[in-house]
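Below is one structure, written out as structure tokens; comments come after it.
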2 protein chains.
Amino acid sequence: MGVTKHDSYTAEQNRIAALCKVLGHPARIAILQKLLATDCCICRDFTDEIDLAQPTISRHLQELKAAGLIAGTIEGTSVSYCINPERWREVWTVLQSFLSVGTEGITSCCDVAAEQEQSK
Amino acid sequence: MGVTKHDSYTAEQNRIAALCKVLGHPARIAILQKLLATDCCICRDFTDEIDLAQPTISRHLQELKAAGLIAGTIEGTSVSYCINPERWREVWTVLQSFLSVGTEGITSCCDVAAEQEQSK
DNA sequence: TGCTTATATAGCAATATTACGATTAATCAG
DNA sequence: CTGATTAATCGTAATATTGCTATATAAGCA
């Protein structure tokens with residue numbers, strides 16, 4: 001079916017999943033890394049640097065924009081993109097609260113080593 | 001085409017993206033949250049708690065297992081799953097190093113507020 | 001106005017993902 | 001051994017994602 005049953009989950013679960021989904025493509029990670037490295041504002045440099053057709057890059061940019069992670073402003077013929085700092089910190093907070101739960105004090109009840117051996 | 005061009009990206013970009021992709025589904029987040037909350041080891045409680053058919057749950061479990069996030073050991077008729085603590089901490093580290101880059105000191109060059117207004 | 005550049009959108013094809021019902025495999029109780 | 005229970009796998013259908021080419025849009029320049 002390919003359609004996720006969002007109604008069955010909590011708002012938080014959907015929020016985390018939606019966020020991770022957007023981050024779940026290397027091209028979008030590459031875009032974000034570049035924006036973070038250049039502090040802000042680039043434009044069609046992505047097309048030069050990433051081995052994807054211009055429309056495909058544009059699509060990924062729109063997806064990041066829809067998720068609120070980046071913003072773009074038109075500057076003459078080109079478009080400047082940058083990280084949305086507020087949202088970026090929010091992402092950090094959301095994921096941190098999820099991930100940090102088990103950072104300390106988790107003891108595995110299963111034999112993880114044996115399990116990993118098994119799956120080879 | 002639906003096929004991602006992994007060759008075009010760095011190992012790190014692919015690693016982050018692959019990880020986020022696994023986390024990009026609410027059912028898998030729900031599973032992980034439950035495992036984190038119960039510290040470890042449950043089994044078919046997922047089927048009771050999550051509104052998905054048993055084979056679908058099983059699939060999600062296999063995906064989490066393939067990503068190394070959880071481990072499962074057979075205990076009689078049932079299977080006990082638990083977080084792989086080592087891998088979990090690794091996830092934490094990988095995502096932290098990516099996300100924390102812009103947590104401080106990012107100044108938006110674009111007018112984010114105007115941008116968000118625009119997209120309404 | 002017409003040409004060039006930069007970006008977005010439309011349309012399409014291929015592959016991936018999600019989810020289901022049916023079936024299989026394996027263990028336990030009797 | 002038989003039946004019940006638990007979980008994984010198979011086969012299938014629907015939808016989503018990725019990425020391309022072709023086209024549209026919009027701004028700047030001659």
Side-chain angles (χ1 to χ4, degrees), chain A residues 1-9 13-14 17-31 41-67 70-82 110 115 118-119, chain B residues 1-9 13-14 17-18 20-31 35 41-67 70-82 110 115 118-119:
Chain A
M1 291 157 179
V3 63
T4 302
K5 294 167 80 176
H6 293 288
D7 292 351
S8 309
Y9 311 100
Q13 285 161 355
N14 280 313
L19 229 164
C20 288
K21 200 172 183 181
V22 174
L23 298 178
H25 194 288
R28 292 194 286 270
I29 298 294
I31 290 171
C41 285
I42 320 174
C43 90
R44 68 134 227 185
D45 305 321
F46 301 123
T47 321
D48 294 340
E49 221 167 277
I50 303 172
D51 178 30
L52 286 174
Q54 174 267 318
T56 308
I57 300 274
S58 187
R59 227 180 215 288
H60 284 301
L61 287 169
Q62 297 320 307
E63 233 169 303
L64 288 167
K65 201 167 141 187
I70 65 174
T73 40
I74 299 165
E75 288 195 0
T77 330
S78 56
V79 177
S80 278
Y81 282 101
C82 61
C110 307
E115 178 60 30
Q118 201 177 42
S119 63
Chain B
M1 292 159 176
V3 64
T4 303
K5 294 166 80 176
H6 294 287
D7 291 351
S8 309
Y9 311 100
Q13 285 160 355
N14 281 314
C20 288
K21 199 172 183 181
V22 174
L23 298 178
H25 194 289
R28 293 194 286 268
I29 298 295
I31 289 171
L35 284 177
C41 284
I42 322 174
C43 93
R44 68 134 229 186
D45 305 322
F46 301 122
T47 321
D48 294 341
E49 221 168 276
I50 303 171
D51 179 30
L52 286 174
Q54 176 267 320
T56 308
I57 301 274
S58 186
R59 229 182 215 289
H60 284 303
L61 287 169
Q62 297 320 305
E63 234 170 302
L64 289 167
K65 201 167 141 189
I70 64 173
T73 40
I74 299 166
E75 290 196 357
T77 329
S78 55
V79 177
S80 277
Y81 282 101
C82 61
C110 308
E115 178 58 30
Q118 200 177 40
S119 61

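Below, all heavy atoms of this structure are taken into account, side chains as well, without hydrogens, waters or symmetry copies.
Heavy atoms of B:Thr4 sit under 4.0 angstrom from primed sugar atoms or phosphate atoms, though from no base atom. Residue contacts shown for B:Ser78 are limited to sugar-phosphate atoms, with no base heavy atom under 4.0 Å away. Base engagement by A:Gln54 is indicated by at least one non-hydrogen atom pair under 4.0 Å involving a base atom. Contacts of B:Leu52 with the nucleic acid, taken as non-hydrogen atoms under 4.0 Å apart, involve only primed sugar atoms and P, OP1 or OP2.
Taking 4.5 Å as the limit, some side-chain heavy atom of B:Pro26 sits within range of a side-chain heavy atom of A:Thr4.
As a whole-Å value, the separation of B:Ile74 CD1 from D:dA7 P is 11 Å. Whole-Å rounding puts the B:Glu63 CD to C:dT17 P distance at 7 Å. Per the geometry, NE2 belonging to B:His25 stands 15 Å off P belonging to D:dT15, to the nearest Å. C:dT7 atom P lies 12 Å from atom NZ of A:Lys65, rounded to whole Å. What separates CD of B:Glu75 from C1' of C:dC28 is a distance of 14 Å, to the nearest Å. Note: NE2 (B:His6) to P (C:dT15) measures 14 Å, nearest angstrom. Rounded to whole Å, the distance from CD1 on A:Ile70 to P on C:dT7 is 13 Å. Spacing between atom CG of A:Leu61 and atom P of D:dT17 amounts to 17 Å, rounded to whole angstrom units.
Position along DNA chain D of the nearest nucleotide to B:Arg44 versus B:Gly2 favours B:Arg44 as the more 5'-ward residue. Each of A:Val3 and A:Ser58 has a nearest nucleotide on DNA chain C; the 5'-most of these lies closest to A:Ser58.
Dashed line: the shortest gap from a side-chain N or O of B:Tyr81 to OP1 or OP2 of D:dA8 is under 4.0 Å. OP1 or OP2 of C:dT18 sits under 4.0 Å from a side-chain N or O of B:Arg28. Checking the phosphate oxygens (OP1, OP2) of D:dT17, a side-chain nitrogen or oxygen of A:Lys21 falls inside 4.0 Å. Contact check, B:Thr77 against D:dT5: no side-chain N or O comes under 4.0 Å of OP1 or OP2. Between B:His60 and the phosphate of C:dT17, there is no side-chain N or O to OP1/OP2 separation shorter than 4.0 Å. For B:Thr56 and C:dT18, the shortest distance from a side-chain N or O to OP1 or OP2 is not below 4.0 Å.
How far CG of B:Leu64 is from CG of B:Leu35: 8.5 Å, rounded to the nearest 0.5 Å. Between the CD1 atom in B:Ile70 and the NE2 atom in B:His60 there is a gap of 11.5 Å [rounded to 0.5 Å]. Residue B:Ile31 holds its CD1 atom at 5.5 Å from CD1 of B:Ile57, rounded to the nearest 0.5 Å. For the atom pair CZ of B:Arg59 and CZ of B:Arg28, the computed distance is 10.5 Å after rounding to the nearest 0.5 Å.
Closest to the side chain of A:Ala53, out of C:dA16, D:dC20, C:dT9, is D:dC20. Proximity note for A:Arg59 (side chain, C-beta onward) versus D:dA8, C:dA19, C:dG11: the nearest is C:dG11.
Side chain of A:Lys5 to backbone of B:Asp51: a donor-acceptor contact under 3.5 angstrom is found.
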